[in-house]
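All remarks here apply to the structure that follows.
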Amino acid sequence: MSERGRFIVFEGIDGAGTTTQARLLARWLRRQGRRVHETAEPSTGPIGTLLRQALGGRVVGRGGARLTPETIALLFAADRADHLRNEIEPALVAGADVVCDRYDHSSLAYQGTETDVHWVAQINAPMARPDVVLFLRVDADLAGARRARRAGVADLYEVDEVQRRVAAAYETAARFRPGDRVVVIDGSLDARSVHRACRAALAAR
Ligand code: TYD
């Protein structure tokens, strides 16, 4: 049987660079001869798909109202449970490293600012813990400038004021997961430097 893979999570506000860095790290791990499964939350599963539609405003509640923060928090937790069982765990067991763009620190930071963070921590309590969480810390204004350069329509949370609150919430999110190994990385640097810092964080195990 192959050795269990490592579960590596990227976290940060929108525009922090999690998607870029997850891709760079996955590519580098493959070059090291590792098998890698790249994934993200919201996932591509049924609940993740529904969530993306809700975040983009294509699925709304009754009478056109947005889904309540509690509903969204529960959907993220449900997506995570499904993602773990059907995608993350099987890949880890098969010996692949799993590089995941966002996990439950996102729920603590995003949903935790709009509903009771203790409750958000509780509904996510059964979720398996990552081996390492790479938190890309960037100032909300810099992340906003990066988002402005991106094409596409802004999601529900891609509003400067919301991102400022989420950035502050990320600073305390780790308190709810005291056993997690969270490495804080300066995400304001250029992509290559951030990538080097991520590699160093993994090597430092
Ligand atoms: P994002 O990584 O930005 O996806 P994309 O690059 O496809 O837009 O994630 C979508 C949004 O979901 C982002 O604003 C963060 C938010 N989110 C939460 O609010 N809670 C969560 O638990 C997760 C995983 C993501």
Would Leu75 and Leu67 count as a side chain to side chain contact (heavy atoms under 4.5 Å, CB included) if you check the C-alpha gap in whole Å, the side-chain angles of each, and the deciding distance to 0.1 Å?
CA-CA 10 Å; Leu75 286 174; Leu67 299 178; 4.1 Å; yes
Is any side-chain heavy atom of [Y] closer than 4.5 Å to one of [X]?
| X | Y | result |
| --- | --- | --- |
| Thr39 | Glu87 | yes |
| Val99 | Val36 | yes |
| Cys100 | His83 | yes |
| Leu74 | Thr71 | no |
| Pro46 | Asp82 | yes |
| His105 | Val182 | yes |

I'd like to know whether CZ of Arg66 has more than 12 heavy-atom contacts from other residues, nucleotides or ligands below 6.0 angstrom.
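Yes.
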Taking atom CZ of Arg192 as the centre, report whether more than 12 heavy atoms of other residues, nucleotides or ligands fall under 6.0 Å from it.
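No, CZ of Arg192 has 12 or fewer neighbouring heavy atoms, counting only those of other groups under 6.0 Å.
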Mark yes or no for whether Arg102, through its side chain, and Gly12, through its backbone, hold a donor-acceptor pair below 3.5 Å.
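Indeed, once roles are kept as given, a pair shorter than 3.5 Å links the two residues.
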Donor-acceptor pair, side chain of Gln21 and main chain of His195, under 3.5 angstrom:
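A pair under 3.5 Å: yes.
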In this structure, would [X] and [Y] fall into the same cluster of hydrophobic residues linked by side-chain contacts under 4.5 Å?
| X | Y | answer |
| --- | --- | --- |
| Leu92 | Leu29 | no |
| Leu24 | Ile8 | no |
| Val162 | Tyr170 | yes |
| Ile72 | Val59 | yes |
| Leu202 | Ile88 | no |

Taking all heavy atoms of [X] and all of [Y], pick out the closest pair and write down the distance.
| X | Y | result |
| --- | --- | --- |
| Ala143 | Ala16 | CB-N, 4.5 Å |
| Pro42 | Gly48 | CB-O, 3.7 Å |
| Leu108 | Ala173 | CD1-O, 3.6 Å |

Just verifying a value: how many Å separate [X] [atom1] and [Y] [atom2], rounded to the nearest 0.5 Å?
| X | Y | atom1 | atom2 | answer |
| --- | --- | --- | --- | --- |
| Arg35 | Arg30 | CZ | CZ | 11.0 Å |
| Cys198 | Leu134 | SG | CG | 5.0 Å |
| Leu136 | Ile185 | CG | CD1 | 6.0 Å |
| Leu25 | Arg27 | CG | CZ | 11.0 Å |

Taking 4.0 angstrom as the limit, do [X] and [Y] come out as a salt bridge?
| X | Y | value |
| --- | --- | --- |
| Glu38 | Arg23 | no |
| Arg6 | Asp131 | no |
| Asp104 | Arg129 | yes |

Taking atom types as modelled and ignoring hydrogens, do the side chains of [X] and [Y] form a donor-acceptor contact shorter than 3.5 angstrom?
| X | Y | value |
| --- | --- | --- |
| Glu11 | Ser106 | yes |
| Arg80 | Ser107 | yes |
| Tyr110 | Asp14 | yes |

Taking ring pair (Phe, Tyr, Trp, His ring centres under 6.0 Å) as the criterion, tell me which of Phe7, Phe76, Phe10 meets it with Tyr103.
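With Tyr103 as partner, Phe7, Phe76, Phe10 yield a single ring pair (Phe, Tyr, Trp, His ring centres under 6.0 Å), made by Phe7.
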Is the distance between the ring centroids of Phe176 and His118 less than 6.0 Å?
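Close enough - the centres of the two rings lie under 6.0 Å apart.
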Val184: side chain to side chain contact (heavy atoms under 4.5 Å, CB included) partners, not counting sequence neighbours:
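Side chain to side chain contact (heavy atoms under 4.5 Å, CB included) list for Val184, sorted by chain: Phe135, Arg137.
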Side-chain donor/acceptor pairs under 3.5 Å, residues 151-160, sequence neighbours excluded:
unit_1 : atom_1 : unit_2 : atom_2 : d
Tyr157 : OH     : Gln111 : NE2    : 2.8
Tyr157 : OH     : Glu114 : OE2    : 3.1
Glu158 : OE1    : Asp155 : N      : 3.1
Glu158 : OE2    : Arg150 : NH2    : 3.4
Asp160 : OD1    : Arg147 : NH2    : 3.1

